[in-house]
Amino acid sequence: TEKGGKVTISSGREDDYVSVTVADTGIGIQKENLEKLFRIDVNFSTIGTAGEEGTGLGLVMCRDMVVKNGGIIKVESAPGKGSSFTFTLPAGA
């Protein structure tokens with residue numbers, strides 16, 4: 001997110017699941033690139049808003065941890081409007 005942008009973290013519970021959403025007002029992600037974000041066989045990374053470089057592994061690792069714990073992770077994004085990442089996990093006992 002650009003300087004002056006906004007990052008929002010929210011959580012909730014529905015039935016036996018909890019969810020956490022991290023949303024930003026950043027540059028967004030092209031639709032054709034969304035499916036690449038969680039794939040280990042595709043090295044996809046972009047330069048960040050402050051010029052930082054990524055490895056393309058962070059979201060792959062997040063997906064693996066979420067799935068191994070019985071959850072799901074998804075992303076919604078539109079160029080120029082930001083991105084929203086949500087993961088949902090069983091609430092547990």
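When a residue number appears, it is its place in the shown sequence, counting from 1. Excluded from the calculations below are hydrogen atoms, water molecules and symmetry mates; all remaining heavy atoms, backbone and side chain alike, are included.
Here Asn33 contributes atom CG and Glu35 contributes atom CD; the two are 8.5 Å apart, rounded to the nearest 0.5 Å. Taken to the nearest 0.5 Å, the CD atom of Glu2 stands 9.0 Å off from the OG1 atom of Thr25. One distance of note links CD1 of Ile29 with NZ of Lys36; it measures 11.5 Å at 0.5 Å rounding. Rounded to the nearest 0.5 Å, atoms CZ (Phe85) and CD (Glu76) are 10.5 Å apart.
Thr8 meets the side chain to side chain contact (heavy atoms under 4.5 Å, CB included) test with Lys6; sequence neighbours excluded. The side chain to side chain contact (heavy atoms under 4.5 Å, CB included) search around Lys81 returns Ala78, not counting sequence neighbours.
In terms of heavy atoms, Leu37 sits closest to Leu59 at O-CB, 3.5 Å. Contact record, Ile73 with Arg63: CG2-CG, 3.8 Å, taken as the closest heavy-atom pair. Smallest separation of non-hydrogen atoms from Asn69 and Met65: ND2-O, 2.7 Å.
The shortest side-chain heavy-atom distance between Pro90 and Asp16 does not fall under the 4.5 Å cut-off. For the pair Ser77/Leu34, a side-chain contact is recorded, criterion being any heavy-atom separation below 4.5 Å from C-beta on.
Judged purely by distance below 3.5 Å, without hydrogens or angles, the side chains of Thr88 and Ser19 never pair a donor atom with an acceptor atom.
Within a 6.0 Å radius of CD in Glu32, other residues, nucleotides and ligands contribute more than 12 heavy atoms.
Checking side-chain atoms of Asp24 against main-chain N and O of Ser83 turns up a donor-acceptor pair under 3.5 Å.
By the criterion of side-chain heavy atoms lying less than 4.5 angstrom apart, applied directly or through intervening Ile, Leu, Val, Met, Phe, Trp or Tyr residues, Phe38 is grouped together with Val20 in one hydrophobic cluster. Residues Tyr17 and Ile9 are members of separate hydrophobic clusters, defined by side-chain heavy-atom contacts under 4.5 angstrom among Ile, Leu, Val, Met, Phe, Trp and Tyr. Cluster annotation: Val22 and Val75 are assigned to the same hydrophobic cluster (Ile/Leu/Val/Met/Phe/Trp/Tyr, side-chain heavy-atom contacts under 4.5 Å, transitive).
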